[in-house]
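These notes are about the structure you will find just below.
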Amino acid sequence: MRVIDSHTEGEPTRTIIDGGPDLGDGPLAERRQRFAERFDHVRSFAVNEPRGSDAVVGALVCAPVDPTAAAGVIFFNNVGYLGMCGHGTIGVAVTLHHLGRLALGTHRFETPVGMVSVDLLSANEAEIENVPSYRHRAAVAVEVPGLGQVVGDIAWGGNWFFLVSEAPHALTLAAVPHLTRAADAVATALEHAGIRGADGARIDHVEFFGPPVAADADSRNFVLCPGGAYDRSPCGTGTSAKLACLAADGKLPPGRPWVQESVVGSRFEARYLPGPSGTIIPRIRGRAYVVADATLIRTPGDPFADGLRG
Ligand code: PYC
C-alpha cells in the first residue's frame with residue numbers, strides 16, 4: 001500500500017494512494033459501511049501500530065458519485081470510521097496537490113456525511129467549507145465520577161461533540177494525560193446516561209475549552225477523539241461544532257473570524273455563514289505539510305500483519 005503522510009496543524013493524516021480496498025460504487029455512507037464490514041483489517045493495517053499510531057487519521061480517496069466532485073473521501077482512525085474530518089480534508093487536499101492531482105482553487109469532496117468544499121489557497125494552506133452544522137442541545141448536565149456534574153452542549157460538526165466551556169485542567173501539553181482521563185470519563189458518563197446526539201447517535205468526541213494563549217486567538221481547546229487520542233490540531237469538525245454553539249448563543253455573527261487554538265498551540269481560523277433550517281455553514285482555514293511518501297508492507301507470517309487491534 002502506498003501512503004502519503006501529512007500533518008495539519010500538528011495532527012497527522014495518512015492518505016492511501018494505492019493498494020486500498022475496492023469498495024465498489026454507491027453513496028459514500030454505503031461504501032464506509034462496506035469498509036467496516038469487509039475490510040476493517042485494512043483500516044487497522046494502515047493506521048494502527050506498528051505502522052501508525054493512535055493519533056493517525058487515515059483517508060481513503062475514491063471515485064465520487066457526483067462527477068463534478070474532485071474525489072470521495074472516507075476517514076478512519078485507530079478504532080473505526082469518522083463522518084467528516086476537517087484537518088484530514090486539508091491534509092488530503094495538500095497531499096493531492098503534492099502529487100500533481102489537484103490544482104490550486106476550489107474543489108468539492110464527497111464524504112459519508114455530505115459534500116464539503118476545499119479552497120486550496122497554496123501548496124500548504126486550504127480553507128474548507130464543512131457540512132451544515134448545528135447545536136442539538138444546550139447546557140446538558142452529566143454526573144462524571146471524579147469530576148462531579150459537568151455541563152456541556154451537544155453539537156454536530158460532521159461528527160458528534162460534547163462541548164464543555166470550562167476545561168477541568170490547564171490546556172497545556174503537560175496536562176494532556178489529565179485532560180485525556182477527564183474527557184474519557186465524560187464520554188463514558190454520557191454513554192452510561194444514554195445522552196446521545198440526534199437519532200440516537202453516539203457522542204464520540206469530547207471538547208474542553210479555555211482562554212487562548214496567543215493574544216490574537218479567541219479560545220484554546222482540547223479534543224478527545226474516539227479511540228483515546230487527542231487532536232493535535234484544533235479539530236475542524238470540533239471547531240465547526242463550536243461555531244454552531246456560538247451562533248446559537250448569539251455570541252458570534254456570521255462572517256466574523258474566530259481563531260481556535262489547539263492544546264499544542266496550532267490554530268484554525270474559522271467563520272460561518274447561515275445555513276439551511278437553522279444550521280450554519282462553517283469555513284475552517286489551516287495549513288498542512290507532507291512529511292512522508294511510504295510503502296506499507298504486509299509480510300505473511302507476521303503476527304501483527306494487520307496492526308494491533310483491540
Ligand atoms: O479535524 O475534524 C477534525 C478531526 C476529527 C478527528 C480528528 N480530527
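Note that the numbering runs from 1 along the sequence shown for the chain. Whatever order the structure lists ligands and atoms in, that order sets their numbers, starting from 1.
A single hydrophobic cluster is not seen to contain both Phe209 and Val263; linkage of ILVMFWY side chains at heavy-atom distances under 4.5 Å, directly or through other members, places them apart.
The aromatic rings of Phe161 and His205 lie tilted to each other, with the angle between the two planes from 30° to 60°. Classified by interplanar angle (parallel below 30°, tilted 30° to 60°, perpendicular above 60°), the ring pair Tyr134/Trp160 is perpendicular.
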Residues 59-74, side-chain donor-acceptor partners within the protein, below 3.5 Å, at least two apart:
from: Asp66; atom 1: OD1; to: Thr68; atom 2: N; distance (Å): 2.8
from: Asp66; atom 1: OD1; to: Thr68; atom 2: OG1; distance (Å): 2.7
from: Asp66; atom 1: OD2; to: Thr68; atom 2: OG1; distance (Å): 3.2
from: Asp66; atom 1: OD2; to: Arg108; atom 2: NH2; distance (Å): 3.1
from: Thr68; atom 1: OG1; to: Arg108; atom 2: NH2; distance (Å): 2.6

Dump the pairs for me: ligand 1 N or O, protein N or O, distance under 3.5 Å, to 0.1 Å.
from: ligand 1; atom 1: 1 (O); to: Gly86; atom 2: N; distance (Å): 3.3
from: ligand 1; atom 1: 1 (O); to: His87; atom 2: N; distance (Å): 2.8
from: ligand 1; atom 1: 1 (O); to: His87; atom 2: ND1; distance (Å): 3.4
from: ligand 1; atom 1: 1 (O); to: Gly236; atom 2: N; distance (Å): 2.7
from: ligand 1; atom 1: 2 (O); to: Gly86; atom 2: N; distance (Å): 2.8
from: ligand 1; atom 1: 2 (O); to: Gly236; atom 2: N; distance (Å): 3.4
from: ligand 1; atom 1: 2 (O); to: Thr237; atom 2: N; distance (Å): 2.8
from: ligand 1; atom 1: 2 (O); to: Thr237; atom 2: OG1; distance (Å): 2.7
from: ligand 1; atom 1: 8 (N); to: His87; atom 2: ND1; distance (Å): 2.9
from: ligand 1; atom 1: 8 (N); to: Asp231; atom 2: OD2; distance (Å): 2.8

Given ring pair (Phe, Tyr, Trp, His ring centres under 6.0 Å), test Phe35 with Tyr81 step by step and report yes or no. CA-CA 9 Å; Phe35 198 166; Tyr81 301 82; 5.1 Å; yes
- Item | Derivation and outcome, salt bridge (Lys or Arg N to Asp or Glu O under 4.0 Å), residues Lys251 and Asp218 | CA-CA 12 Å; Lys251 290 183 176 165; Asp218 293 287; over 6 Å; no
